[in-house]
Amino acid sequence: ATHHHEWEISYQFKSPDCVRKLAVTINGQSPGPTIRATQGDTIVVRLNNSLLTENVAIHWHGIRQIGTPWADGTEGVTQCPILPGDAFTYTFAVDRPGTYMYHAHYGMQRSAGLYGMIVVAAAPGGPDAEPFAYDGEHAVLLNDWWHDSVYEQAAGLASVPMRWVGEPHSLLINGRGRFNCSAAAEGTCNATLPECDAPVFEVVPGKTYRFRIGSLTSLCALNFEIEGHPMTVVEADGHYVKPFVVNNLNIYSGETYSVLIKADQDPSRNYWLASNVVSRKPGTPTGTAILSYAAGGRSPPPTAPPTGPAWNDTMYRFQQSVATVAHPAHVEPPPPRAGRTLLLLNTQNKIDGRVRWALNNVSFKLPHTPYLVALKRGLLGAFDQRPPPETYEHQSYNIYDPPPNPNATSSDGLYRLAFGSVVDVVLQNANMLAANNSETHPWHLHGHDFWVLGYGIGRFDPAVHPATYNLKDPILKNTVAVHPYGWTALRFKADNPGVWAFHCHIEAHFFMGMGIVFEEGIERVAELPGEIMGCGKTKGGGHL
Ligand SMILES: O=C1O[C@H]([C@@H](O)CO)C(O)=C1O
């Protein structure tokens with residue numbers, strides 16, 4: 001089946017946490033509508049940009065875009081930005097069942113509210129049919145929210161000295177939160193708006209529910225809990241997980257999970273859904289919603305919302321990451337070895353006095369001509385032709401100290417991968433500019449799922465750690481956490497012709513250079529739609 005959607009993108013006054021702010025909306029909504037489809041369906045989204053003076057582009061997060069690399073929606077990588085007044089049509093197949101998301105991929109626009117969920121049902125009776133059963137399902141999109149505009153945030157990040165975005169004002173569940181109006185500027189906050197009422201998720205006693213949970217936070221790692229209801233984790237990023245039970249779930253920006261819960265608690269009252277900041281010292285109240293057993297109506301539970309695990313308990317989060325492996329009946333074994341390994345050191349640096357993030361001391365900047373067009377058309381002057389470094393001085397670099405020489409360089413060079421080759425990427429975390437601090441980075445790969453081969457805390461040793469990789473039942477994902485002072489190893493097959501971003505999913509961090517780009521099989525990409533062109537060297541059709 002083909003699903004047609006007509007979307008108008010516009011700024012609207014919204015009060016997601018009772019505080020009025022301009023949000024980028026889809027047909028007047030933030031979050032936008034949930035796209036629902038069945039595996040194998042085609043999605044057509046016609047997007048009309050009604051932002052008065054702002055470009056837009058939308059990425060379909062977790063959808064691999066096989067055969068349609070131009071529909072990935074990544075400004076500067078796969079397309080030119082869509083101008084105000086212009087329309088653009090994204091057409092792509094949802095080839096795998098699971099829980100996915102969409103969001104703006106232009107500047108820091110995602111943080112302005114342009115996001116939503118994609119729910120793809122498994123083809124009935126097919127090989128990807130769900131290895132679990134449930135009576136009903138709910139979708140939960142988690143977010144963090146600031147009252148400052150994305151322009152204030154972006155300008156602050158690029159200032160000398162940097163003005164950091166700080167901790168979010170609110171945590172949102174399905175676009176709703178609750179700010180304490182007594183702390184808001186006069187006349188901006190209205191606690192009686194239905195718009196900021198807690199979302200209610202209804203359950204019938206005795207039934208089992210699938211909760212599809214996605215996080216599109218701009219900054220925060222979150223811990224999600226349904227009070228009194230242990231969760232069985234069954235899906236991660238569209239892949240079935242060997243079920244394991246948790247009392248609360250750590251979820252990083254860009255990840256999705258499905259969990260099963262049984263509505264088996266005292267049905268005379270309601271229970272909290274709660275999201276709490278972890279990995280950063282929380283400065284934001286718990287995000288809440290209500291699990292409603294019909295008898296409780298919409299009334300708030302009689303208890304205080306769960307506060308989650310200790311925010312700085314790295315090992316707790318690390319262990320949950322390690323526990324996430326493939327369902328025994330859905331193991332897709334990885335290739336036994338890689339043809340190429342990139343060892344990427346994640347550091348916070350300075351360039352011309354600006355705070356930036358870098359991989360192997362190179363900070364990423366987007367070119368003005370999308371790589372996809374530049375490479376297909378041989379517009380070689382469009383970006384730096386020197387490839388970024390494959391590794392760093394891992395024998396001598398001390399990950400526990402701030403970078404000894406904080407200065408990095410910036411580049412829009414990319415990694416060109418042999419088509420069909422197997423690539424390992426090891427992400428090595430380190431100390432930031434300030435002593436005694438290392439943050440969690442959720443890394444997201446476009447165009448592929450990767451096998452998560454291993455995690456460690458400390459320095460990755462290429463002579464030792466590859467022997468410890470899980471080659472038996474690693475989970476396939478599109479987003480994975482690199483824990484503080486830790487490393488994460490992943491493997492993927494470069495078998496999807498196109499150009500694909502790989503970056504930290506923290507909005508500020510990608511903006512500050514924390515990403516790289518891969519090209520593979522460009523010669524196999526079909527003729528590019530003219531719609532993706534019009535900027536940089538592609539003006540007038542991108543002819544040589
Ligand atoms: O890039 C970042 O900058 C701040 C901090 O390092 C400086 O305020 C922070 O927490 C980041 O993740």
Side-chain angles (χ1 to χ4, degrees), residues 107-108 110-111 143-148 150-171 215-223 250-255 276-284 311-314 317 344-366 398-410 427-444 479-488 502-516:
M108 288 181 60
R110 185 179 97 217
S111 307
N143 248 301
D144 45 12
W145 188 252
W146 283 257
H147 298 152
D148 321 78
V150 291
Y151 291 102
E152 289 170 283
Q153 293 191 337
L157 294 172
S159 296
V160 180
M162 172 177 74
R163 286 172 57 184
W164 175 240
V165 298
E167 298 308 305
H169 290 107
S170 296
L171 297 178
S215 172
L216 285 176
T217 54
S218 294
L219 175 65
C220 298
L222 295 177
N223 180 272
N250 300 301
I251 179 166
Y252 306 94
S253 181
E255 288 189 314
N276 283 291
V277 172
V278 286
S279 181
R280 306 181 65 85
K281 188 166 195 250
T284 311
W311 70 269
N312 54 359
D313 190 347
T314 302
R317 297 192 304 277
L344 302 177
L345 178 67
N346 294 217
T347 50
Q348 196 185 28
N349 299 81
K350 284 200 167 179
I351 299 180
D352 300 331
R354 282 200 177 81
V355 179
R356 300 280 298 174
W357 285 86
L359 289 317
N360 297 346
N361 235 37
V362 176
S363 184
F364 179 71
K365 61 173 184 212
L366 279 162
N398 182 354
I399 63 161
Y400 295 103
D401 279 348
N405 167 13
N407 291 321
T409 56
S410 75
L427 296 156
Q428 172 72 64
N429 212 341
N431 201 96
M432 307 165 62
L433 286 171
N436 300 315
N437 196 12
S438 180
E439 295 177 342
T440 306
H441 299 284
W443 276 83
H444 171 59
T479 305
V480 72
V482 183
H483 293 285
Y485 299 109
W487 55 264
T488 299
F502 179 49
H503 61 92
C504 177
H505 213 258
I506 292 174
E507 197 76 330
H509 287 181
F510 183 49
F511 182 78
M512 295 161 84
M514 198 168 200
I516 59 174

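For ligands, and for the atoms within them, numbers begin at 1 and follow the listed sequence. As a basis for the values below, the full set of heavy atoms in this structure was taken, side chains included, without hydrogen atoms, waters or symmetry mates. Since the model is a prediction, treat every value here as computed from it, not as a measurement.
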for atom 5 (C) of ligand 1, nearest protein heavy atom and its distance come out as Gln348 NE2, 4.0 Å
Tested for ring-ring contact (aromatic ring centres under 6.0 Å, His included) against His441, the lone hit among Trp357, Phe510, Phe502, Trp487 is Trp357
When distances are taken from atom 7 (C) of ligand 1, the protein heavy atom at minimum range is Met162 CE, 3.7 Å
Numbered in order shown, the ligand 1 atoms found under 4.0 Å of a heavy atom of Met432 are 6 (O), 9 (C), 11 (C), 12 (O)
For His509, the ligand 1 atoms with a heavy-atom partner under 4.0 Å come out as 1 (O), 2 (C), 11 (C), 12 (O)
Are Ser410 and Ser363 linked by a side-chain donor-acceptor pair shorter than 3.5 Å?
no
Ranked by distance from atom 11 (C) of ligand 1, the top protein heavy atom is Trp164 CH2, 3.2 Å
(Q) Whether the Asn346 and Asn429 side chains hold a donor-acceptor pair (N or O, under 3.5 Å, no angle test) is what I'd like checked. (A) no
The protein heavy atom nearest to atom 1 (O) of ligand 1 is Trp357 NE1, 2.9 Å
Could you check whether Asn437 and Asn431, counting side-chain N and O atoms only, form a donor-acceptor pair closer than 3.5 Å? no
Heavy-atom nearest pair, Ser279 first then Pro484, reads OG-CG, 4.4 Å
re atom 12 (O) of ligand 1, the protein heavy-atom contact at minimum distance is Glu439 OE1, 2.5 Å
**OP:** For Thr440 and Arg317, run side-chain contact (heavy atoms from CB on, under 4.5 Å): C-alpha distance rounded to whole Å, both residues' side-chain angles, the deciding distance at 0.1 Å, then the answer.
**Re:** CA-CA 10 Å; Thr440 306; Arg317 297 192 304 277; 3.9 Å; yes
